[in-house]
Amino acid sequence: MNTLEKSSVVIAGGGSTYTPGIILMLLDHLDRFPLRKIKFYDNDEERQKVIADACELIIHKNHPEIEFLATCNPEEAFTDVDFVMAHIRVGKYKMRELDEKIPMKYGVVGQETCGPGGIAYGMRSIQGVLDLVDYMEKYSPNAWLLNYSNPAAIVAEAMRRLRPHSKILNICDMPISIENNMLEILGFEKRSDIVTKYYGLNHFGWWYDVRDKEGNDLMPKLKEYVKENGYLVQSDIDSAKQHGDNSWNETYKMAKDIYAIDPDTLPNTYLKYYLLPDTVVEHTDPNYTRANQVMDTREKEVFTACRQIVEKNEFRGDELSLDEHASYIVDLATALKFNTYARMLLIVENNGIIENFDKTAMVEVPCLVSSAGPEPLFVGTIPTFQKGMMEEQVAVEKLVVDAWMEGSYQKLWQAIALSKTVPSVTVAKQILDDLYEVNKAYWPELK
Ligand SMILES: NC(=O)c1ccc[n+]([C@@H]2O[C@H](COP(=O)([O-])OP(=O)(O)OC[C@H]3O[C@@H](n4cnc5c(N)ncnc54)[C@H](O)[C@@H]3O)[C@@H](O)[C@H]2O)c1
Ligand SMILES: O=P(O)(O)OC[C@H]1O[C@H](O[C@H]2[C@H](O)[C@@H](O)[C@@H](O)O[C@@H]2CO)[C@H](O)[C@@H](O)[C@@H]1O
Ligand SMILES: [Mn+2]
């Protein structure tokens, strides 16, 4: 076999809690995605340094041939790169906490990417990701930006409108996690053992066909399981015991109740925020939301582990966990670099793929990925229930981008009011006014 050409990547959001897991994953996949250079870019030097110092030690001790640099200087970061892997969180957890707590004050779902919280986060993320695209195009015009910064749906719609010709691909790990659970339910080993069909918007979609490699229909077995247990599987129960974080397991379990409304398809877990908002609100502590949980668990653990690695000048291997499910990022980069035609779920412009849906919508559908980019696979006509829900939600996402581009208070009010999670225009306005007040440093001025 020919030696594979080595790549240079920059991780934007170097200070992210996900960065160490992704670095370990990248190092574990060097045989199929070899690297010559890894750079970190962040706009918070102090935060990034903690993660970068530990990752530099890990890289240099194990792969001294890979160059490493952490910087807050865009020119240094974005020069000579083949891929930008972006996971920034504009406003960090402090703002996530407000996104979640402000709607809850009004009895409305407070969530990172869904409802008013997701809209507020979208209004912050657009400029952040836009800057990354512009740096990449200035310093490495042939590179690809693989974006998983959230809210991916709003970011994708904004980039479609603001940078229509840029090489940016948006991707999410939620369907991958759910498909991993499907494998456990079905008794399969690898994601390549099944072929799935799915359509929707990001954090808003449904599987309508799952088969094994021989073409046998696996939907009946999956439905039987999901009807009773949602997507909750034993390995998740064991891991929650170990990590003391049960939140995702509750979400996986709730898939049972959102499945019930349409037993022809299998739902993305995020639909719970739109289909069971009352239950979600009832089960959320308005003074201690997911942001608090994450700050008290994942953030603390990752930063403590990184500090200890540097102090001891040693990486034993068990201080940080390798994020194997993030290998979807390598699948995507490898497909673009080595023309593999891998089949992956990506967020792309509809263009008739879902034939009874807005052509300009950014939809999440299976694509074949080659060095020419993604080629979406035909979905056809979707049922009225899903189409109705998606039409409402895509209008929310488009109105947010309108509001950002026009500096329009009215459009943002309409976006929040139209979200299925919000009961009235009055409540929408109260939430908007509170969110605007705390987001002045991040949102464009609204008139
Ligand atoms: N698409 C997916 O499925 C998926 C999966 C997991 C996480 N995510 C997303 O990844 C991101 C990171 O999540 P996290 O929990 O690790 O957050 P985090 O706060 O730990 O990390 C985000 C980093 O981004 C940096 N940052 C913020 N604004 C920036 C800017 N304008 N330029 C450069 N850097 C900037 C912050 O300083 C911080 O270090 C979030 O957007 C999260 O929603 C997406
Ligand atoms: O509340 P958080 O910060 O823990 O997670 C938010 C992210 O959730 C999804 O990714 C999950 C994944 O689906 C889950 O199974 C597990 O493996 O962790 C991932 C990250 O926590 C979602 O797709 C992301 O967009 C969210 O940012
Ligand atoms: Mn996601």
Side-chain angles (χ1 to χ4, degrees), residues 11-13 16-18 22 83-92 95-96 99 111-133 136 144-164 166-179 198-206 251 268-271 273-274 290 323 325-326 328-329 331-333 336 344-350 353-354 358 360-367 369 373-374 376 390 393-401 404 415 419:
I11 298 190
S16 157
T17 55
Y18 292 101
I22 288 179
F83 294 96
V84 180
M85 298 178 172
H87 55 202
I88 59 170
R89 182 186 290 286
V90 179
K92 291 177 271 198
M95 293 308 297
R96 175 176 179 175
D99 293 343
Q111 213 279 327
E112 180 198 26
T113 62
C114 304
I119 291 171
Y121 187 13
M123 289 289 284
R124 292 198 299 277
S125 290
I126 294 173
Q127 188 62 57
V129 178
L130 196 59
D131 289 343
L132 303 181
V133 177
M136 177 182 86
W144 281 94
L145 191 145
L146 314 182
N147 180 61
Y148 33 103
S149 314
N150 269 319
I154 292 171
V155 168
E157 170 63 10
M159 296 309 128
R160 183 188 74 80
R161 306 248 289 264
L162 295 159
R163 295 293 180 274
S166 298
K167 287 166 76 177
I168 165 164
L169 286 174
N170 297 282
I171 188 160
C172 169
D173 66 357
M174 192 72 246
I176 292 161
S177 292
I178 298 172
E179 287 186 8
Y198 179 97
Y199 63 81
L201 310 169
N202 180 234
H203 289 184
F204 203 101
W206 295 264
T251 296
N268 189 303
T269 44
Y270 273 95
L271 288 163
Y273 298 109
Y274 304 93
R290 180 69 188 154
D323 195 354
H325 94 285
Y328 71 93
I329 301 162
D331 296 340
L332 179 56
L336 294 164
M344 307 192 68
L345 269 187
L346 291 174
I347 305 160
V348 292
E349 188 163 358
N350 183 26
I353 291 298
I354 302 174
D358 184 345
T360 70
M362 293 302 283
V363 294
E364 198 165 66
V365 290
C367 300
V369 188
M390 282 168 61
Q393 179 61 18
V394 86
V396 171
E397 291 160 8
K398 284 179 177 290
L399 282 164
V400 176
V401 178
W404 189 91
S419 172

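In this text, all values refer to a predicted model and were calculated from it rather than measured experimentally. All residue numbers refer to positions in the sequence shown, counting from 1.
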Where Leu271 and Gly205 come nearest, the two heavy atoms and their spacing: CD1-O, 3.4 Å
To the nearest 0.5 Å, atom CZ of Phe83 lies from atom CD1 of Ile329 at 12.0 Å
For Gly13, does its backbone N or O pair with a side-chain atom of His87 as donor and acceptor, under 3.5 Å? yes
Does Thr360 form a side-chain contact (heavy atoms from CB on, under 4.5 Å) with Arg160? I'd like the steps, not just the answer. CA-CA 9 Å; Thr360 70; Arg160 183 188 74 80; 3.6 Å; yes
With sequence neighbours excluded, what pairs up with Tyr18 under the ring-ring contact (aromatic ring centres under 6.0 Å, His included) test? none
Restricting to side chain to side chain contact (heavy atoms under 4.5 Å, CB included), what partner residues turn up for Pro376, sequence neighbours left out? Val348, Ile353, Val365, Cys367
Provide the closest heavy-atom pair for Ala12 versus Leu132 in the form atom of the first, atom of the second, distance. CB-CD1, 3.8 Å
Within a strict 4.5 Å, meaning less than it, do heavy atoms of the Val133 and Leu162 side chains meet? no
Partners passing side-chain hydrogen bond (donor to acceptor under 3.5 Å, both in side chains) against Ser419 (at least two apart in sequence or in another chain): Thr421
Give the minimum heavy-atom separation between Arg124 and Gly91, together with the two atoms involved. NE-CA, 4.2 Å
Applying ring-ring contact (aromatic ring centres under 6.0 Å, His included) between His203 and each of Tyr274, Tyr270, Tyr273, report the one that passes. Tyr270
So which atom in Ser149 and which in Val155 form the shortest heavy-atom distance, rounded to 0.1 Å? O-CG2, 4.2 Å
To the closest 0.5 Å, what do you measure between CG (Leu146) and CG (Leu169)? 6.5 Å
Please evaluate residues Ile176 and Glu179 with respect to the criterion side-chain contact (heavy atoms from CB on, under 4.5 Å), reporting the C-alpha separation (whole Å), side-chain torsions for both, the decisive distance (0.1 Å), and the verdict. CA-CA 5 Å; Ile176 292 161; Glu179 287 186 8; 5.7 Å; no
For side-chain contact (heavy atoms from CB on, under 4.5 Å), just list the numbers for Arg290 and Arg96, CA-CA rounded to whole Å, side-chain angles, deciding distance to a tenth of an Å, and then say yes or no. CA-CA 9 Å; Arg290 180 69 188 154; Arg96 175 176 179 175; 3.0 Å; yes
Side chain to side chain contact (heavy atoms under 4.5 Å, CB included) against Ala152, all qualifying residues, sequence neighbours excluded: Asn150, Asn202, Ile347
With the side chain counted from C-beta on, respond yes when Val369 and Leu336 share a heavy-atom pair under 4.5 Å apart, and no when they do not. yes
Enter the distance from Met136:CE to Lys167:NZ here, rounded to the nearest 0.5 Å. 7.5 Å
Partner set under salt bridge (charged side-chain N to carboxylate O under 4.0 Å, His left out) for Arg89, not counting sequence neighbours: Glu112
Check: Gln127 and Val90 side chains under 4.5 Å, non-hydrogen atoms: no
Nearest-0.5 Å distance that lies between atom CZ in Arg163 and atom CD1 in Ile168: 10.5 Å
If you round to the nearest 0.5 Å, how far is CD1 of Ile11 from CD1 of Ile88? 14.0 Å
N/O donor-acceptor pair under 3.5 Å between Asp323 side chain and Ile22 backbone: no
Please name the pair of heavy atoms, one in Val401 and one in Ile126, separated by the smallest distance, quoted to 0.1 Å. CG2-CD1, 4.4 Å
Where do Glu364 and Cys172 come nearest, in terms of heavy atoms and distance? OE2-CB, 3.6 Å
Side-chain touch Met159/Leu130, heavy atoms, less than 4.5 angstrom: yes
side-chain contact (heavy atoms from CB on, under 4.5 Å) between Leu332 and Tyr148: does it pass, once the steps are laid out? CA-CA 12 Å; Leu332 179 56; Tyr148 33 103; over 6 Å; no
Would you compute the distance between atom CE of Met95 and atom OH of Tyr121 and round it to the nearest 0.5 angstrom? 11.5 Å
When the ring planes of Trp206 and Phe204 are compared, do they come out parallel, tilted or perpendicular, using 30° and 60° as the limits? perpendicular
By ring-ring contact (aromatic ring centres under 6.0 Å, His included), Tyr198 pairs with (sequence neighbours left out) Trp207
